[in-house]
Undergrad: 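Pasting a structure below so you can have a look.
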Amino acid sequence: MVRGYILFSVAVALCVPSLAAAQTMSFGDSAGLIASSCGADITANCRGVNLDSNRLKECLSRNQDVVSAQCKATYFKAFEAIQKRIAARVTVANACQREIVKLCGGSTKETSKSIPCLMTANGVSARCQQAMGEAGYR
């Protein structure tokens with residue numbers, strides 16, 4: 001009984017960090033995960049497909065009956081992480097609007113140009129710092 005509880009606890013402890021990492025996965029890590037888990041499936045089933053994230057996801061979904069179990073288990077998680085990162089980068093302009101204009105003398109239409117300033121400026125709000133962290137800038 002105790003041994004089973006210990007094994008269960010270890011399994012949960014190992015899984016929890018990987019779930020948290022999936023939510024904050026970088027674009028490079030997501031692409032690497034897809035490449036390592038689905039490389040053979042992409043080569044076999046998606047030859048000639050433009051490899052942007054939407055078309056690749058559609059190809060893998062269309063061919064899921066022949067895609068490996070490892071790829072199936074991974075690619076939805078990786079694409080979800082990519083979409084979360086994109087959405088987080090879009091929200092930086094809203095969350096950091098005051099800081100972009102007042103602290104960095106920038107425009108929210110060109111948020112990416114203000115990121116280096118936001119990273120070093122004093123007085124950046126917690127909301128803005130959180131948004132930059134979720135977007136992968138920190």
Side-chain angles (χ1 to χ4, degrees):
M1 176 79 173
V2 173
R3 185 175 182 196
Y5 177 74
I6 291 171
L7 289 174
F8 176 75
S9 297
V10 170
V12 169
L14 291 174
C15 291
V16 170
S18 65
L19 293 174
Q23 294 175 352
T24 60
M25 193 180 300
S26 72
F27 294 122
D29 290 344
S30 298
L33 184 61
I34 292 169
S36 67
S37 297
C38 301
D41 295 301
I42 292 168
T43 300
N45 302 303
C46 301
R47 190 176 310 249
V49 172
N50 183 359
L51 295 181
D52 68 39
S53 64
N54 290 331
R55 289 189 181 119
L56 182 57
K57 184 177 179 182
E58 289 171 8
C59 178
L60 291 172
S61 294
R62 244 189 347 264
N63 293 298
Q64 65 181 314
D65 56 330
V66 293
V67 169
S68 69
Q70 179 183 5
C71 181
K72 285 180 191 178
T74 303
Y75 79 89
F76 280 120
K77 184 183 353 176
F79 284 119
E80 181 180 330
I82 290 169
Q83 293 305 319
K84 284 182 179 181
R85 181 61 59 99
I86 290 169
R89 289 195 172 189
V90 170
T91 64
V92 170
N94 292 331
C96 302
Q97 184 174 9
R98 181 190 68 82
E99 290 87 346
I100 290 170
V101 174
K102 295 209 183 230
L103 299 177
C104 298
S107 166
T108 55
K109 292 181 181 180
E110 297 178 334
T111 303
S112 62
K113 291 183 179 180
S114 299
I115 296 300
C117 172
L118 290 171
M119 298 289 286
T120 59
N122 291 325
V124 175
S125 70
R127 179 177 174 222
C128 178
Q129 289 180 15
Q130 180 181 356
M132 288 193 306
E134 290 172 357
Y137 293 125
R138 290 202 176 270

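Keep in mind that the numbers below use all heavy atoms, side chains included, and drop hydrogens, waters and symmetry copies.
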Undergrad: To check you understand the geometry: which heavy-atom pair defines the closest contact between Ile115 and Met132, and what is its length?
TA: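 Where Ile115 meets Met132 most closely, the heavy atoms are CD1-SD, 4.5 Å.
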
Undergrad: Write out all pairs satisfying side chain to side chain donor-acceptor pair (under 3.5 Å) with one or both partners inside residues 35-49, taking only residues at least two apart or from two chains.
TA: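 Passing the test, one end in residues 35-49: Ser37-Thr74, Asp41-Ser68.
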
Undergrad: Sorted by first residue and then second, give each side chain to side chain donor-acceptor pair (under 3.5 Å) pair with at least one member in residues 122-132; sequence neighbours left out.
TA: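 Found Glu99-Ser125, Gln130-Glu134.
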
Undergrad: Which pairs count as salt bridge (charged side-chain N to carboxylate O under 4.0 Å, His left out) when at least one residue sits in residues 112-124, sequence neighbours excluded?
TA: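 Non-adjacent pairs meeting salt bridge (charged side-chain N to carboxylate O under 4.0 Å, His left out): Glu110-Lys113.
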
Undergrad: Nearest 0.5 Å, what's the CD-CD1 distance between Glu80 and Ile82?
TA: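 The distance works out to 11.0 Å.
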
Undergrad: Taking atom NZ of Lys72 and atom OG of Ser61, what is their separation to the nearest 0.5 Å?
TA: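 Spacing of NZ (Lys72) from OG (Ser61) equals 11.0 Å.
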
Undergrad: Ignoring hydrogens, what is the shortest heavy-atom contact between Tyr137 and Met119? Give both atom names and the distance.
TA: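 In terms of heavy atoms, the two residues are closest at O-CE, 2.9 Å.
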
Undergrad: Of all heavy-atom pairs between Leu103 and Cys117, which one has the smallest distance, and what is that distance?
TA: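 Nearest heavy atoms, Leu103 then Cys117: O-SG, 3.9 Å.
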
Undergrad: Give the minimum heavy-atom separation between Ala131 and Val92, together with the two atoms involved.
TA: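 Looking at all heavy atoms of both residues, the closest pair is O-CG2, 3.7 Å.
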
Undergrad: What are the two closest non-hydrogen atoms of Cys128 and Ala95, and how far apart are they?
TA: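 Nearest pair, atom of Cys128 first, then Ala95: CB-O, 3.8 Å.
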
Undergrad: So do Phe76 and Leu60 actually touch side chain to side chain, heavy atoms under 4.5 Å?
TA: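 Heavy-atom side-chain distance check fails, nothing below 4.5 Å.
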
Undergrad: Between Tyr75 and Leu56, is there a side-chain heavy-atom distance shorter than 4.5 Å?
TA: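 A side-chain contact is absent here, since even the closest heavy-atom pair is not under 4.5 Å.
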
Undergrad: Any side-chain heavy atom of Thr111 sitting closer than 4.5 Å to one from Cys96?
TA: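 The answer is no, as the side chains (C-beta and beyond) never meet within the 4.5 Å cut-off.
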
Undergrad: Test side-chain contact (heavy atoms from CB on, under 4.5 Å) on Cys104 and Leu118 and set out the steps.
TA: CA-CA 7 Å; Cys104 298; Leu118 290 171; 3.9 Å; yes

